[in-house]
Amino acid sequence: MSGEFVFVTFTLNGTLREFHVRPEEMLVDLLRERCAMTGTKIGCDVATCGACSVLVDGAPAASCSTFVWQVDGCNIVTIEGVANADGSPDDVQRAFIANSAFQCGFCTPGMIVLARALLDHNPAPDRAAIRAWIGANVCRCTGYEMIIEAVEQAAAARREAS
């Protein structure tokens, strides 16, 4: 089976893309190596650290444990696709900047993707919900407090704008 190729089509950050892939090719590898979406990080490579988080049809997914063929027909959003149409930071990115919700930055793309998914799912999460949601992404630097505050600020900004 590894010698065969599979044809897949999906929307990546708003652009329809088509690929011939091996059945065993992982989404994170395709994103980083063939699409130059290097904001999606490889941390643990076993779907436990969250560094490779992307949105698949609006839901968070560990791209290191997602085969490319599994996203055929889906809408994929990476950290490169979260900015506003004019290239300016979106509300979540602005809140992360304002709250210095990063240190080394390795987990930041996954955190922002998770925060966006949370706020799309729950526009007014409490701290417990935020902690539970971002608990899927390991940060070894910040202690999470600044990240939680950034998510709270982004949620408030979204509610204010609507």
Side-chain angles (χ1 to χ4, degrees), residues 1-97 101-123 125 130 132-140 147 150-151 154-155 157-158 161-162:
M1 183 156 164
S2 64
E4 299 173 15
F5 284 89
V6 177
F7 181 73
V8 295
T9 303
F10 57 85
T11 302
L12 176 60
N13 297 330
T15 302
L16 186 64
R17 302 291 302 264
E18 299 176 338
F19 298 94
H20 283 94
V21 299
R22 294 195 183 280
E24 68 273 12
E25 189 168 357
M26 302 311 287
L27 181 58
V28 71
D29 297 321
L30 179 126
L31 292 172
R32 291 182 55 79
E33 296 168 14
R34 295 171 64 183
C35 300
M37 300 290 165
T38 57
T40 302
K41 306 297 184 197
I42 299 173
C44 66
D45 212 18
V46 292
T48 59
C49 76
C52 69
S53 295
V54 298
L55 300 180
V56 177
D57 290 337
S63 63
C64 74
S65 65
T66 302
F67 293 106
V68 178
W69 57 263
Q70 291 178 295
V71 299
D72 188 35
C74 294
N75 181 34
I76 309 299
V77 177
T78 67
I79 188 63
E80 291 87 354
V82 301
N84 293 319
D86 65 1
S88 64
D90 81 333
D91 52 354
V92 176
Q93 291 171 311
R94 284 192 309 274
F96 268 67
I97 293 166
F102 50 86
Q103 284 184 13
C104 81
F106 194 82
C107 74
T108 305
M111 286 289 186
I112 289 172
V113 166
L114 285 174
R116 280 186 51 129
L118 168 61
L119 297 180
D120 289 346
H121 175 75
N122 178 358
I130 295 169
W133 199 275
I134 66 170
N137 193 334
V138 176
C139 175
R140 291 181 170 93
I147 294 168
V151 176
R158 282 188 175 194
S162 45

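Just so you know, these numbers come straight off a predicted model, no measurement behind them. Heavy atoms only: backbone and side chains are in, while hydrogens, waters and symmetry mates are out.
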Hey, could you give me the [atom1]/[atom2] distance between [X] and [Y], rounded to the nearest 0.5 Å?
X	Y	atom1	atom2	value
Arg94	Ser88	CZ	OG	6.5 Å
Ile76	Leu12	CD1	CG	7.5 Å
Ser65	Gln70	OG	CD	8.0 Å
Ile112	Asp90	CD1	CG	7.5 Å

Quick one: does [X]'s side chain get under 4.5 Å of [Y]'s, heavy atoms only?
X	Y	value
Ile147	Phe102	no
Ile79	Arg116	no
Val21	Arg34	yes
Phe19	Glu25	no
Val92	Leu119	yes
Asn13	Val77	yes
Phe10	Val56	no
Val71	Val8	no

Identify the heavy atoms of [X] and [Y] that sit nearest to each other, and give their distance.
X	Y	result
Ala155	Pro123	CB-O, 3.6 Å
Met26	Thr66	CE-N, 3.3 Å
Val6	Pro23	CG2-CG, 3.9 Å
Leu55	Ala117	CD2-CB, 3.6 Å

Report all side-chain donor-acceptor pairs from residues 35-54 shorter than 3.5 Å, counting only partners two or more places apart or in another chain.
{"unit_1": "Lys41", "atom_1": "NZ", "unit_2": "Thr38", "atom_2": "O", "d": "3.1"}
{"unit_1": "Ser53", "atom_1": "OG", "unit_2": "Gly50", "atom_2": "O", "d": "2.8"}

Taken in chain and number order and not counting sequence neighbours, the residues that satisfy side-chain contact (heavy atoms from CB on, under 4.5 Å) with Ser162 are none
Sorted by chain and residue number, the side-chain contact (heavy atoms from CB on, under 4.5 Å) partners of Glu33 (sequence neighbours excluded) come out as Asp29
[Y] backbone acceptor or donor facing [X] side chain under 3.5 Å:
X	Y	answer
Asp72	Thr9	yes
Asn75	Asp57	no
Asn84	Pro89	yes

- Item | Residues Thr78, Leu31; criterion side chain to side chain contact (heavy atoms under 4.5 Å, CB included); working and verdict | CA-CA 9 Å; Thr78 67; Leu31 292 172; 4.0 Å; yes
